[in-house]
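Everything below concerns the one structure shown next.
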Amino acid sequence: MQSFFYFAAHMFNFFKKNKIVVAIDGYSSCGKSTLAKDLAHKLKYVYIDSGAMYRAVTLYFIWNKIDITNTSQIEDALKKIDISFKRRRGHNSCYLNGELVENDIRSAEVSDQVSEVAALSIVRRKLVTLQQAYGVSKGLVMDGRDIGTVVFPLAELKVFVTADVDVRAHRRYSELKNRGNEIPFEDVKANLEKRDHIDSTRSDSPLRQAEDAVVLDNSNLSPAEQLEAVYKLTKMYL
Ligand code: DC
């Protein structure tokens with residue numbers, strides 16, 4: 001039923017032609033959020049960080065000591081979770097049940113557990129439905145792991161971002177350091193590799209490149225260069 005409505009909405013929007021959905025997928029810390037944010041800003045589109053939604057659910061589970069092997073506890077908890085985004089200081093910030101959690105969801109504790117939570121089908125079902133609702137009126141850039149394959153399989157433009165694992169680990173290390181989180185480089189890299197492994201080998205919606213995605217290796221690209229490359233691609237549809 002849900003897919004029928006999504007398909008109908010897609011056909012309706014197809015004829016409007018002016019706004020599109022851009023799906024950006026890729027490994028952890030490959031710069032896809034920066035790209036998605038910059039592109040949404042340039043196109044004056046809405047930007048949604050789907051990873052933040054999985055992080056918010058993980059945070060709720062940590063705060064409320066939910067046992068992730070207990071399905072009925074998870075079902076109950078999911079009914080009590082409301083995730084929203086609001087603009088704050090020029091950025092889209094994540095709120096969990098009305099509380100600003102943008103910093104809490106980036107903690108090492110959440111980063112450590114989020115892949116296990118994101119591998120749960122029951123969690124994915126809830127979040128995918130919420131994510132699809134953001135795309136109904138188009139004008140959306142969303143980044144994640146399954147955006148081009150599961151959430152918006154009919155997105156006009158799909159980009160699969162990759163970068164060398166050491167480059168990614170250095171980016172994440174600097175990002176954490178700038179936020180005052182001094183975590184050894186080797187630990188940061190190990191966390192990335194662990195998440196990549198879980199994200200790409202889970203049975204439900206594993207991270208993979210959609211067949212019709214454009215691959216962007218940004219190991220040697222600046223944020224401005226990657227933005228320019230993808231912005232050029234969007235022009236074909238606008
Ligand atoms: O992009 P991120 O690192 O903030 O994502 C956090 C986790 O959520 C990551 O381990 C993969 C998972 N995720 C997912 O499974 N599907 C998405 N669409 C987005 C994120």
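Whatever order the structure lists ligands and atoms in, that order sets their numbers, starting from 1. Note that the structure is a prediction, hence the values are computed from the model and not measured. In this chain, numbering begins with 1 at the start of the sequence shown.
- In terms of modelled atom types and a separation under 3.5 Å, the side chain of Lys126 and the main chain of Ile81 share a donor-acceptor contact.
- There is a side-chain donor-acceptor pair under 3.5 Å between Ser121 and Asp204.
- For Lys86 and Tyr95, the positive end sits near the middle of the six-membered ring, less than 6.0 Å away and at most 45° from its axis.
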Would you tabulate the side-chain donor-acceptor contacts of residues 209-220 under 3.5 Å, counting partners in other chains and residues two or more places apart, or write 'none'?
| residue | atom | partner | partner atom | Å |
| --- | --- | --- | --- | --- |
| Asp212 | OD1 | Lys158 | NZ | 3.1 |
| Asp212 | OD2 | Lys158 | NZ | 3.3 |
| Asp217 | OD1 | Ser219 | N | 2.9 |
| Asp217 | OD1 | Ser219 | OG | 2.7 |
| Asn218 | OD1 | Arg171 | NH1 | 3.2 |
| Asn218 | OD1 | Arg171 | NH2 | 3.4 |
| Asn218 | ND2 | Cys30 | O | 2.7 |
| Asn218 | ND2 | Gln226 | OE1 | 2.9 |
| Ser219 | OG | Asp164 | N | 3.0 |

Exercise. Evaluate the criterion side chain to side chain contact (heavy atoms under 4.5 Å, CB included) for residue pair Ile83 and Cys94; output intermediate values, then yes/no.
Key: CA-CA 7 Å; Ile83 299 168; Cys94 183; 4.0 Å; yes
Short N or O contacts of ligand 1 with protein, under 3.5 Å, listed by atom name?
| residue | atom | partner | partner atom | Å |
| --- | --- | --- | --- | --- |
| ligand 1 | 1 (O) | Arg145 | NH1 | 2.9 |
| ligand 1 | 1 (O) | Arg145 | NH2 | 3.4 |
| ligand 1 | 3 (O) | Arg55 | NH2 | 3.4 |
| ligand 1 | 3 (O) | Arg145 | NH2 | 3.2 |
| ligand 1 | 3 (O) | Arg195 | NH1 | 2.8 |
| ligand 1 | 4 (O) | Arg55 | NE | 2.7 |
| ligand 1 | 10 (O) | Ser115 | OG | 2.7 |
| ligand 1 | 10 (O) | Asp199 | OD1 | 3.2 |
| ligand 1 | 10 (O) | Asp199 | OD2 | 3.1 |
| ligand 1 | 15 (O) | Arg124 | NH1 | 2.8 |
| ligand 1 | 15 (O) | Arg124 | NH2 | 3.4 |
| ligand 1 | 15 (O) | Arg202 | NH1 | 2.7 |
| ligand 1 | 15 (O) | Arg202 | NH2 | 3.0 |
| ligand 1 | 16 (N) | Arg124 | NH2 | 3.0 |
| ligand 1 | 18 (N) | Ser50 | OG | 3.0 |
| ligand 1 | 18 (N) | Arg145 | N | 3.2 |
| ligand 1 | 18 (N) | Asp146 | OD1 | 2.8 |

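- In the displayed structure, Glu109 atom CD is contacted under 6.0 Å by at most 12 heavy atoms of other residues, nucleotides or ligands.
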